[in-house]
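Take a look at the structure set out below.
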There are 2 protein chains.
Amino acid sequence: MAPDSPAEESPSRGKRADAQRNRQTVLTAAAEVFVTSGVDAPIRRIAAQAGVGMATIYRHFPTRADLVTAVYRHQIEACAEAGPDLLARAESPLDALRRWIDLFVDFLVTKHGLADALQSDDDRFATLHAYFLDRLLPVCAQLLDAAVESGEIRPGTQPYELMRGIGNLCIGRDDDPRYDPRRLIALLLQGLQGHQRPQAS
Amino acid sequence: MAPDSPAEESPSRGKRADAQRNRQTVLTAAAEVFVTSGVDAPIRRIAAQAGVGMATIYRHFPTRADLVTAVYRHQIEACAEAGPDLLARAESPLDALRRWIDLFVDFLVTKHGLADALQSDDDRFATLHAYFLDRLLPVCAQLLDAAVESGEIRPGTQPYELMRGIGNLCIGRDDDPRYDPRRLIALLLQGLQGHQRPQAS
DNA sequence: ATATTAAAGGGAGCGATGCTCCGTTTCAGG
DNA sequence: CCTGAAACGGAGCATCGCTCCCTTTAATAT
C-alpha cells in the first residue's frame, strides 16, 4: 500500500511545517480535553490547552465533527477493520456479531458524550453521524447478513436501525451502576434470535 | 378525593390573581414553543411568545425541568395511571406491559427532544429525570413483576434499566423512516421472553 | 375611595460559548 | 535577505442562561 492515501488520510500533507505541527498539537490537546470534559468541550478550552488561537482550530477542523472524527479516526478504523476479522475467526457469525458489538460499545462508553453527540440533532454533529455510518454500517451489515444467513438470527432487521439502537442505548451518564447498556444490548440480541432453535441448515 | 391535592398539584393556589393568570399564559406558550422548537427552546422565546419577561418564567418555574414537567404533567400522570388499568384489562401481564410501553413511547416520540433531555447529563434536566422516575418507575416495576410472575418473561431485568433503555431508544430525530424505536423495543421485549415459546395457552 | 405594602413583573446586564473577520506573524522559495 | 502567501491569534459579534433591581400592580387596611 502506498504511504499516501488518496482521500483524507492526512489533510496536512504538503502544507506548511508549522501548520502540520499545530494540527498535531490541536489533535492531542483535543484528545486530552475530550477525556475530561467530553466531546462538547468549549473550543476555547481546547485552544487554550493547545496554546493556539481558536481560528487555528477552526481552520484545521471547520466543524466540531471534523475534530472529533480526527481524534478518534484510528479507533473507528480499527473497529471497522475488526469486523471481517471477527467473522473469519469467531465460532459463528452470531458470535462475531456479538464480539463486534462489544467492541463498538466499549469504544462508545469510554468517550464521554460521544454516543450522545452521535444521535444529537445538533447540526454541528451531522457529519460525525455520517462518518460513523459510512465507515461502520457496511461492517455491521456484513455481520448481520452473515448471522441471518447462518440461521442464527431472524431476518428483517436493518443494519442502520440496529446500529443506531445500540448507539442510543449507550447514551447518558456512564457512572450509574443501575444502568449497563450491555445488558440491554444482550437482550436485544436475544430478541434477534427470536424463537428459532439451532436449526440444521 | 378532595379537589386540592396536598403537594404540588397547583403551586399557584392562594397566589395573586395576575400570578395565576401569568402562570397559565406561560404554560400554554411553552407548550406551543415546545412543539415547534423542542424542549430546549430558549427561555427568551417562550417569554416572548407569552408576552412576559424572562424573570416571570423563572419565578414560576425555577428550572427548565420544572417548566417541562408542568407542561406535560397531565400526560405523565395519565401514563402512570394507565399502568394498573392495563394490568386489569389486558389479556396478560405481558400484554399489559407491551401496551403500557406503547403509551410511553407514543408520549416520548411526539415531544421533540424530550427523550433527549431525559437522559441528558445537563444538570438543568436532572429533576426532570427524577420526576419521570418517581412517577413511572413504580408503574413499570409493577407491570414487569406481574409479567415475570406469570412466567411470560424472564426475571432479572431491573425496571430502571428497562425504562431508561426504552427512553434511550426514543432519542434522536423522529423524521428518519429508517429508524423506528418501536421495532427495537419489540425486539427487546422479545429478548425478555427469553427462549420461552410464544404462547401455548 | 384612597393609601399602603408586599408580591409580581419586566428587562437590562453579566458571563459563557460558537463562530468570524482582519491585522499581524511566520514560513518557504527565489 | 526579501517577499508573498499561508497561517496565526484574538478581538468582536451574536445567542443564550440566569440574576438583579427598579417599576407596576393587586390585595388589604383605613
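Below, chain A is the first sequence line, B the second, and so on; all start at residue 1.
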From CD1 of Ile43(A) across to C1' of dC13(D) the rounded distance in Å is 18 Å

note: Asp40(A), atom CG; dG18(C), atom P; distance rounded to Å ~ 8 Å

Could you check Glu32(B) against Gln49(B) for side-chain hydrogen bond (donor to acceptor under 3.5 Å, both in side chains), going step by step and ending with a plain yes or no?
CA-CA 9 Å; Glu32(B) 292 174 17; Gln49(B) 169 81 22; 2.5 Å; yes

Students should find that the end-to-end axis angle of the helix from dA1(C)-dT30(D) to dG30(C)-dC1(D), with five pairs defining each axis and rounding to 10 degrees, is 10°

When rounded to whole Å, the OH to P distance for the pair Tyr58(A) and dC19(C) reads 4 Å

Ile57(B) atom CD1 is separated from dG11(C) atom P, nearest whole Å, by 12 Å

Report task. Check the pair Tyr131(B), Arg135(B) against side-chain hydrogen bond (donor to acceptor under 3.5 Å, both in side chains), reporting the backbone distance first and the verdict last. Result -> CA-CA 6 Å; Tyr131(B) 176 70; Arg135(B) 203 63 192 86; 5.1 Å; no

Name the pairs: protein N/O against N/O of nucleotides 12-16 of chain C, kept only if under 3.5 Å.
none

Problem set entry | Asp40(A) and Arg45(A): CA distance, side-chain angles, deciding distance, salt bridge (charged side-chain N to carboxylate O under 4.0 Å, His left out) verdict | CA-CA 11 Å; Asp40(A) 263 322; Arg45(A) 199 194 309 279; over 6 Å; no

For Leu143(B) and Gly83(B), the nearest pair of non-hydrogen atoms, with its separation, is CD2-O, 3.9 Å

Residues pairing under ring pair (Phe, Tyr, Trp, His ring centres under 6.0 Å) where one sits in residues 84-106 of chain A, two or more places apart or in two chains, turn out to be Trp100(A)-Phe104(A)

Within residues 29-39 of chain B, the residues having a heavy atom closer than 4.0 Å to DNA chain D are none

Less than 4.0 Å between a side-chain N and a carboxylate O, is that true for Asp95(A) and Arg99(A)?
-> yes

- prompt: Is the closest basic N to carboxylate O distance between Asp116(B) and Lys111(B) below 4.0 Å?
  reply: no

Taking dC18(D), dG18(C), dG9(C) as options, the one with an atom nearest any side-chain atom of Thr56(B) is dG9(C)

Whole-Å distance, Phe61(A) CZ to dC19(C) C1', equals 17 Å

Here the distance between atom C1' of dC18(D) and atom CG of Asp66(B), to the nearest Å, is 14 Å

In whole angstroms, the gap separating C1' of dG9(C) from CZ of Arg23(B) amounts to 16 Å

* Hey, is CD on Glu149(B) packed in by over 12 heavy atoms from elsewhere, all under 6.0 Å? -> no

Tightest non-hydrogen contact, residues Phe125(A) and Arg64(A), listed as CZ-CD, 3.4 Å

- Side-chain N or O of Asn22(A) closer than 4.0 Å to phosphate OP1/OP2 of dA7(D): no

Separation between CD (Gln190(A)) and CG (Leu187(B)), nearest 0.5 Å, reads 10.5 Å

Point to revise | His60(B) side-chain N/O to dG9(C) phosphate OP1/OP2 under 4.0 Å | key: yes

Worksheet item: Taking atom types as modelled, is there a side-chain donor on Gln193(A) or Glu152(A) under 3.5 Å from an acceptor on the other?
Response: no

In 5'-to-3' order, the base (B), backbone-only (S) or no-contact (-) status of each nucleotide in nucleotides 21-30 of chain C, using a 4.0 angstrom heavy-atom cut-off, is B----BBS--

Separation of dG17(D) atom C1' from Leu67(B) atom CG, nearest Å, is 14 Å

Query raised in the report: Salt bridge or not for Arg183(B) and Glu161(A), using N-O below 4.0 Å?
Result: yes

Taken in chain and number order and not counting sequence neighbours, the residues that satisfy ring pair (Phe, Tyr, Trp, His ring centres under 6.0 Å) with Tyr179(A) are none

inquiry  = Quick test of your reading of the model: are Asp85(B) and Arg89(B) salt-bridged, counting only N-O distances below 4.0 Å?
reply    = yes

Whichever of Val52(A) and Arg45(B) has the more 5' nearest nucleotide on DNA chain D, that residue is Val52(A)

